[in-house]
Amino acid sequence: MLEDIDRILIDEETIRRELRRLAAELVKSFKGRDLLVVAVLKGSCVFASDLIRLLPLPLSLEFLAASSYGDGTESRGTVSLRFFSDDLRLAGRSILLVDDILDTGRTLKAVKDRLLEMGVDAVKTCVFLDKAARRAVDLQADFRCFEVEDVFVVGYGLDYAGRYRNLPYIASLRPEVYGGTSENPA
Ligand code: XMP
């Protein structure tokens, strides 16, 4: 696995530091509110797990699965949502929607719109990475850790073909791994 890595873009210490900064910002924003953290599977699992342990707030955690990618690396523009609780209570709660990466923005926008349709008053978005150069819809993250260049990245929950999620840092892969030479493989 490690031989597939081209470059480490964000190392573990930098991630830890930025998470502490983000957590302080979130504590200020959500203090005294009934906070529901909704983590988008699977990519945000590592980010969400690390983040909630830095939030000394009464909160609940919910997961949802949004499918927009298969084994490839291009967003298809449509998402289907799946929740994991039958008794999900959304009304009147402050939702923090957590995702791994904001790329074209289609996934997070579709999820956010669906939550609003379900009667949520307000949804704030929180992403670990922001690939701002690739945005295709009008959506900015309310909270984010890092902006990244337009390179396909893995690690810290992000995968390629289901692998590399367990890398503790953010890295790019050698082009041979995905059989291409472009910066953002199709
Ligand atoms: P959109 O384009 O809808 O896509 O914002 C968001 C989802 O696409 C995946 N994605 C990536 N996954 N490395 C990954 O491992 C990347 O560089 C990358 N860019 C987008 C990711 O699942 C994200 O939630």
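Heavy atoms only: backbone and side chains are in, while hydrogens, waters and symmetry mates are out. This structure is a prediction, so every number in the text was calculated from the model and none was measured. Order of appearance sets the numbers: ligands from 1, and atoms from 1 within every ligand.
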If you count the atoms of ligand 1 from 1 in the order shown, which ones are under 4.0 Å from a heavy atom of [X]?
X      : answer
Asp99  : 24 (O)
Thr104 : 1 (P), 2 (O), 3 (O), 5 (O)
Leu158 : 12 (N), 13 (N), 14 (C), 15 (O)
Thr107 : 1 (P), 3 (O), 4 (O), 6 (C)
Arg106 : 3 (O), 5 (O)
Asp103 : 1 (P), 2 (O), 4 (O), 5 (O), 19 (N), 20 (C)
Asp100 : 21 (C), 22 (O), 23 (C), 24 (O)

Carboxylate-amine/guanidinium contact Asp6 Arg174, below 4.0 Å: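 Salt bridge: no.
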Basic-acidic side-chain contact under 4.0 Å: Arg135, Asp130: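 Result for this pair is yes, salt bridge flagged.
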CZ-CG distance between Arg16 and Asp11, expressed to the nearest 0.5 angstrom: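 Nearest 0.5 Å value for the CZ-CG distance: 8.5 Å.
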task: For ligand 1, note which part of Leu108 has a heavy atom under 4.0 Å away: side chain, backbone, both or neither.
output: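 It is neither part, as no heavy atom is under 4.0 Å.
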Proximity to ligand 1 by part of Lys131, non-hydrogen separation under 4.0 Å: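 Looking at Lys131 and ligand 1, just side chain atoms fall under 4.0 Å.
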query: If we only count heavy atoms from C-beta on, is the Asp159 to Val154 side-chain gap below 4.5 Å?
result: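 Not touching, per the 4.5 Å side-chain cut-off.
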field: Min side-chain heavy-atom separation Phe128-Ser44 under 4.5 Å
entry: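 With C-beta onward as the side chain, the pair stays apart.
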query: Non-hydrogen atoms of Tyr160 versus ligand 1: any pair closer than 4.0 Å?
result: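 Tyr160 does not count as a contact of ligand 1 under the 4.0 Å cut-off.
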query: If you measure from each heavy atom of Val154 to ligand 1, is any distance below 4.0 Å?
result: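 In this structure, Val154 fails to qualify as a contact of ligand 1 - no heavy atom is under 4.0 Å.
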task: Before signing off on this row, confirm whether Gly105 and ligand 1 have an N or O atom pair separated by under 3.5 Å.
output: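 Right, the criterion is met.
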task: Go through the side-chain N and O atoms of Asp4 and Tyr160 and say whether any donor and acceptor fall under 3.5 Å apart.
output: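 No, Tyr160 and Asp4 have no side-chain donor paired with an acceptor closer than 3.5 Å.
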- prompt: Are Arg93 and Ser60 linked by a side-chain donor-acceptor pair shorter than 3.5 Å?
  reply: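 Indeed, the side chains of Arg93 and Ser60 share at least one donor-acceptor pair under 3.5 Å.
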field: Pairing residues for Val46 by the side chain to side chain contact (heavy atoms under 4.5 Å, CB included) criterion, not counting sequence neighbours
entry: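 For Val46 the side chain to side chain contact (heavy atoms under 4.5 Å, CB included) partners, ignoring immediate neighbours, are Asp50, Tyr156.
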